[in-house]
Amino acid sequence: MSKVRTRFAPSPTGRMHVGNLRTALYAYLIARHAGGDFILRIEDTDQERKLEGAEQIIYNTLDKAGLHHDEGPDKDGGVGPYIQSERQAQGIYLEYAKKLIEKGEAYYCFCDQERLDTLKVKSGDVTISHYDKHCLQLSPEEVQAKLDAGVPYVIRQNNPTEGTTSFCDEIYGEITVDNLELDDMILIKSDGYPTYNFANVVDDHLMGITHVVRGNEYLSSTPKYNRLYDAFGWEKPVYIHCPLITDEDHQKLSKRKGHSSFEDLLEQGFLPETIVNFVALLGWSPGGEQEIFSLKELEEIFDYTHMSKTPAVFDMKKIAWMNGEYIKAMDFDRFKDLAMPYVTETIHREMNFDKILSMVKTRIELFTEIPGHIDFFEAVAEYDVSMYKHKKMKTTPETSWKVLKEILPVIEAQDNFENDALYEMLVAFAKEHEYKNGYVMWPVRTAVSGKQMTPGGATELMELLGKEESIKRIQDAIAKLEAETPCQD
RNA sequence: GGCUCCAUGGUCAAGUGGUUAAGACACCGCCCUUUCACGGCGGUAACACGGGUUCAAAUCCCGUUGGAGUCACCA
């Protein structure tokens, strides 16, 4: 058995779609698991769609995800170049296309767009077209004459119109199609560049790729690729087609819903390791009950024969949960590094940020939630006095007003503003007045925060706020209650 | 529309002829608790349908329905 070699072959057209990322991940995992090579190849044969900087995005994404390649444009492994435009400049594709022409497996086509348009037919709500082999009838002399005259041409694959073609996919099993379905697809475009279909086959062979890992959308065109392998007399690779990833409505992932690309997800506050972990489990399962896996663990246990055949919905709720798990398990220093930008953009005064962060750590799933949890430290936002009403605590704006007035002098007399001391003080106060703890804590916490929920309890917040600010906020709350509560005694 | 593929709870999924049909997310309830969260415990919820084959079918076969992919000088 030869060494396993897989490749990831993205087009530099923008951010990396999560479906693409998963394909990369699986290709990487299959190679690593088998002790093989993972190759990066850039497929930039579409000069129109090529995007400035997109290549860098590919490198960044792969790097952040931890998917390090063994060979690629920046790491020569002897079968380069690894960028298709460079390979095309060397004439590789044209050379192989001509070999096919010699064998009668391909032919020149001079049809212009106008003629091609006449071949289009409407079927249902889509227009489809199937080339009619028109140029196959041209004699060698006619072809040469047109070539000499400089008529633009493409090179097409010459597929049979009878019989069937089969291939075996590792996930989906044997698939057979009627040769009549096989269009004479274009191998070399009129601009001289190869199409994906052709470049892919030539490069996979030349680069010694043993396992072709790609999206399900290529399943139906694979027979055509196999005919190419046969025409060349090359050994066919193992095919592993991955099921699709869809949104909640079972449609292709869309930019609007925010989960289209790796970078979008990063911007939304997801950790790279969360994304990798989550995406690994979309379409594959290790079988056990563990759900949190490091990339290292995945490399060890990944077994592509357990991949599923059904498309998977990208569940934002579950990936958010998973991100929360990663955050909770993260060591504090790293959490602080990642979280501080969100803190400093929200709070502009000196505070004990470590304490604030440790309170926030168990309460968030996304880093972007941090400002919403801590903004009240900066200033109490406008809030409704109905917030003082709590059924379980048996509080209302009126009782809160009363309690706050009663406790204000006690707090003013309090010198030790550490959490434990404050807590003791409030509990003692409650006991003395025969109040339930919550009956006192709820109004105090609401007064100092103006929020329904906070990352800590009343006394924790007061400790962080400090005596002066705490008292000021309680005074403000009393004034607010007096002004806005309809009935006071 | 042709072709191809697919079909276990709302979602991700285990399951490969005999199981009380796992587990996770979400949802609900209870407990913990100075709110919320965390944590703990429990609950609702699935084999698309119809025929076969078999002593026995979520598992095998056929059909129906439903869904997806594809049908470019895009990849």
What's the closest nucleotide to the side chain of [X] if the choices are [options]?
X: A:S308; options: B:rA13, B:rG23, B:rU35; answer: B:rA13
X: A:K328; options: B:rC6, B:rU34, B:rC38; answer: B:rC38
X: A:Y172; options: B:rG15, B:rU35, B:rC5; answer: B:rC5
X: A:S123; options: B:rG1, B:rA14, B:rU11; answer: B:rG1

Could you tell me the Watson-Crick or G-U partner of [N], where both distances fall under 3.5 Å? Say none if there is no partner.
N: B:rG17; answer: none
N: B:rU53; answer: none
N: B:rC12; answer: B:rG23
N: B:rA37; answer: none
N: B:rG42; answer: B:rC28
N: B:rC3; answer: B:rG69
N: B:rA75; answer: none

**Q.** Of A:A458 and A:E174, the one whose closest RNA chain B nucleotide lies more 5'
**A.** A:E174

Could you measure between the two [atom1] atoms, the one in [N] and the one in [M], and give it in whole Å?
N: B:rU8; M: B:rA45; atom1: C1'; answer: 12 Å
N: B:rA72; M: B:rU64; atom1: P; answer: 27 Å
N: B:rG42; M: B:rA22; atom1: P; answer: 14 Å
N: B:rA58; M: B:rC47; atom1: P; answer: 11 Å
N: B:rG29; M: B:rA68; atom1: P; answer: 35 Å
N: B:rA24; M: B:rC6; atom1: C1'; answer: 23 Å
N: B:rG9; M: B:rA46; atom1: P; answer: 9 Å
N: B:rU54; M: B:rC61; atom1: C1'; answer: 12 Å

Roughly how many Å is it from [atom1] in [X] to [atom2] in [N], rounded to a whole number?
X: A:M307; N: B:rC12; atom1: CE; atom2: C1'; answer: 15 Å
X: A:L282; N: B:rA13; atom1: CG; atom2: C1'; answer: 10 Å
X: A:K309; N: B:rA14; atom1: NZ; atom2: P; answer: 12 Å
X: A:R363; N: B:rG39; atom1: CZ; atom2: P; answer: 12 Å
X: A:N179; N: B:rC3; atom1: CG; atom2: C1'; answer: 13 Å
X: A:E325; N: B:rG39; atom1: CD; atom2: C1'; answer: 11 Å
X: A:Y239; N: B:rC5; atom1: OH; atom2: C1'; answer: 17 Å
X: A:K317; N: B:rG9; atom1: NZ; atom2: C1'; answer: 16 Å

Exercise: do [X] and [Y] side chains pair donor with acceptor under 3.5 Å:
X: A:Y239; Y: A:N226; answer: yes
X: A:H241; Y: A:D169; answer: yes
X: A:Y172; Y: A:N216; answer: yes
X: A:Y107; Y: A:Y153; answer: no
X: A:T165; Y: A:N179; answer: yes

Q: Determine, step by step, whether A:K480 and A:D384 satisfy the salt bridge (Lys or Arg N to Asp or Glu O under 4.0 Å) criterion, reporting the C-alpha distance in whole Å, the side-chain angles of both residues, the deciding distance to 0.1 Å, and the verdict.
A: CA-CA 10 Å; A:K480 182 182 174 72; A:D384 197 278; over 6 Å; no

Q: Report, as yes or no, whether the 6.0 Å neighbourhood of atom CD on A:E52 holds more than 12 heavy atoms from other residues, nucleotides or ligands.
A: no

Base, sugar-phosphate alone, or nothing: which one does [X] contact when heavy atoms must sit under 4.0 Å apart?
X: A:Q452; value: base
X: A:A312; value: sugar-phosphate
X: A:S285; value: sugar-phosphate
X: A:M393; value: sugar-phosphate
X: A:G324; value: nothing

Q) In residues 417-438 of chain A, which residues come under 4.0 Å of RNA chain B by heavy atom? A) A:N419, A:Y423

Q. Considering only heavy atoms and no angle criterion, is a donor-acceptor pair shorter than 3.5 Å present between the side chain of A:R445 and the base of B:rU35?
A. yes

(Q) Would the base of B:rA24 count as contacting A:K318 through its side chain, where contact means a donor and an acceptor less than 3.5 Å apart? (A) yes

Q. Can you say whether the rings of A:W284 and A:F302 are parallel (under 30°), tilted (30 to 60°) or perpendicular (over 60°)?
A. tilted

Q.
Does anything in residues 306-325 of chain A form a salt bridge (Lys or Arg N to Asp or Glu O under 4.0 Å)? List the pairs, not counting sequence neighbours.
A. A:E291-A:K318, A:E325-A:K328

Q. For residues 362-376 of chain A, which residue pairs qualify under salt bridge (Lys or Arg N to Asp or Glu O under 4.0 Å), counting only residues two or more places apart or in two chains?
A. A:D375-A:K451

Q. Centre of A:Y131's six-membered ring, under 6.0 Å away, within 45 degrees of the axis: is that where NZ or CZ of A:R156 sits?
A. yes

Q: Sugar-phosphate atoms are those with a prime plus P, OP1 and OP2; base atoms are the rest. Using that split, label each nucleotide of nucleotides 67-75 of chain B B, S or - for protein heavy atoms under 4.0 Å, 5' to 3'.
A: -SSSBSBSB

Q: Applying side chain to side chain contact (heavy atoms under 4.5 Å, CB included), name anything that partners A:E43, two or more places apart in sequence or on another chain.
A: A:A9, A:S11, A:R41, A:Q84, A:Y196, A:N200

Only distances under 3.5 Å count here; give the side-chain donor-acceptor pairs of residues 416-433 of chain A to other protein atoms, sequence neighbours excluded, each with its distance to 0.1 Å.
{"unit_1": "A:N416", "atom_1": "OD1", "unit_2": "A:E418", "atom_2": "N", "d": "3.0"}
{"unit_1": "A:N419", "atom_1": "OD1", "unit_2": "A:T459", "atom_2": "OG1", "d": "2.4"}
{"unit_1": "A:N419", "atom_1": "OD1", "unit_2": "A:E460", "atom_2": "N", "d": "3.3"}

